Structure formats: C-alpha cells, structure tokens
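Not measured: the values here are computed from a predicted model.
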Amino acid sequence: MLLIYNHFSNATTKKAGVKEAETAIKLAKEINAPKGTVIFADIEPKYPVDSAFIQGWVDTIEKSHYHPGIYGIFDKDAKLYNQFNKASKDNKKIKDQTILWTAAPNKRISSKEKAPNFNPIGPKNSLLYGWQYGIDAKTCNIDTDLFHESITDYLW
C-alpha cells in the first residue's frame, strides 16, 4: 500500500512543509501505518513549490517513524525537479533519504503486457523508485505506474 498525502495545493515555505508533514504523520498514525512506510507528498505541476517546503517535509517526516517521499513531475524543465535539486544541494540527506515517484516521461496508458521498461526521468543519483508513465486513460480514469523493486522496503 502506498501512502499519498494530497491535502495541500501550495508547496512553498519551510513552515508549510513542516505543517503538512506533521498532518501526514498524524494521519498515518491514525490508520496504524507501520514504521518505515513511505509517505509521499503529492506535488502537482500547477502547485507553486520551493526548496524550503521540500526541506521542511523531508526533515519532519525523517524525524518520525516514517520515510519521506515526493510524487510529482521530475522532468528536467519542471520547477519541482529544480527545487528538489536545490534542496539536495543545501542538504545532501534529502537526496539520500527521499523516495521519488515521477510522472516523467509521460508515455501512454498500457496493459501490463505492453508496459515500457522502467526508465523514469528524475534527479541524478536520487532514490527514483516510482514512475507514472501513463496518465488519464480515456476509457476509465486510471494511470499506469511502474515501480523499482526497492520500493517494497517502504510499502505497507
């Protein structure tokens, strides 16, 4: 099971990163999520984002019993990609401890048999374990994802 926290639409300021992480931790505890489970901050492309929010999110989750994660579009031209790299430059543990799940590149929805090989785009030398390669199927509102086997260490 993946824990995704999406109760915000502005990913700026360290104070907001801390606040959202504290709420995500509280919710994870309420459902008895096991220690070590990753909690992904869902940072959609239309959300403003800065490195301070990422720092606050990662620092706060990392101090809990849970593991920090971020979902978003980590394309090289995306603000999230650049702000994650900036946060990682300011604090190396961010890249070393944060599980990433990217929606780049966007291929197309497929069946399991026709899924592409795992080849996501994201920050170099990051823990890039998830790839949402197909978004918004026409027949039904689903996305298609692939995950590196290392993600299983962080799932519920």
>> Go through it in stages, so that I can follow the logic: the residues are Lys89 and Ile94, the test is side chain to side chain contact (heavy atoms under 4.5 Å, CB included), and I'd like the CA-CA distance, side-chain angles, deciding distance and then a yes or no.
In response: CA-CA 9 Å; Lys89 187 176 180 183; Ile94 288 177; over 6 Å; no

To the nearest 0.5 Å, how far apart are [atom1] in [X] and [atom2] in [Y]?
| X | Y | atom1 | atom2 | value |
| --- | --- | --- | --- | --- |
| Phe40 | Trp57 | CZ | CH2 | 10.5 Å |
| Gln97 | Lys92 | CD | NZ | 9.5 Å |
| Ile43 | Glu20 | CD1 | CD | 10.0 Å |
| Ile61 | Ile39 | CD1 | CD1 | 4.0 Å |
| Ile73 | Gln132 | CD1 | CD | 8.5 Å |
| Ser51 | Lys86 | OG | NZ | 3.5 Å |

Residue pair [X] / [Y], side-chain heavy-atom distance below 4.5 Å:
| X | Y | answer |
| --- | --- | --- |
| His7 | Asp42 | no |
| Thr37 | Leu155 | no |
| Ile31 | Leu3 | yes |
| Ile25 | Lys29 | yes |
| Ile99 | His67 | yes |
| Asn85 | Lys95 | yes |
| Thr98 | Leu127 | no |

[Y] reachable from [X] in the ILVMFWY side-chain graph, under 4.5 Å edges:
| X | Y | value |
| --- | --- | --- |
| Phe118 | Tyr129 | no |
| Met1 | Val38 | no |
| Ile4 | Leu100 | no |
| Phe53 | Tyr47 | yes |

Can you check whether [Y]'s main-chain N or O pairs, donor with acceptor, with [X]'s side chain at less than 3.5 Å?
| X | Y | value |
| --- | --- | --- |
| Thr102 | Ile121 | yes |
| Tyr5 | Leu27 | no |
| Asn91 | Ala87 | no |
| Ser126 | Gly122 | no |

> Which is it for Leu128 and His148 under the side chain to side chain contact (heavy atoms under 4.5 Å, CB included) test, yes or no, and what are the steps along the way?
Replying inline: CA-CA 8 Å; Leu128 186 54; His148 188 276; over 6 Å; no

How close do [X] and [Y] get, counting heavy atoms only, and between which atoms?
| X | Y | answer |
| --- | --- | --- |
| Ala21 | Gly56 | CB-O, 4.5 Å |
| Pro120 | Gly130 | CB-O, 4.4 Å |
| Asn106 | Gly134 | OD1-CA, 3.8 Å |
| Tyr66 | Ala33 | OH-O, 2.9 Å |
| Pro105 | Trp131 | O-NE1, 2.9 Å |

>> Any carboxylate oxygen within less than 4.0 angstrom of a Lys/Arg side-chain nitrogen, looking at Glu22 and Lys26?
In response: no

>> Do the side chains of Asp50 and Lys79 get close enough for a salt bridge, i.e. N-O under 4.0 angstrom?
In response: no

> When you look at NZ of Lys63, are more than 12 heavy atoms from neighbouring residues, nucleotides or ligands closer to it than 6.0 Å?
Replying inline: no

> Counting heavy atoms not belonging to Glu149, are there more than 12 under 6.0 Å from its CD?
Replying inline: no

> Knowing that exactly one of Tyr71, Tyr133, Trp101, Tyr154 qualifies, which makes a ring-ring contact (aromatic ring centres under 6.0 Å, His included) with Phe147?
Replying inline: Trp101

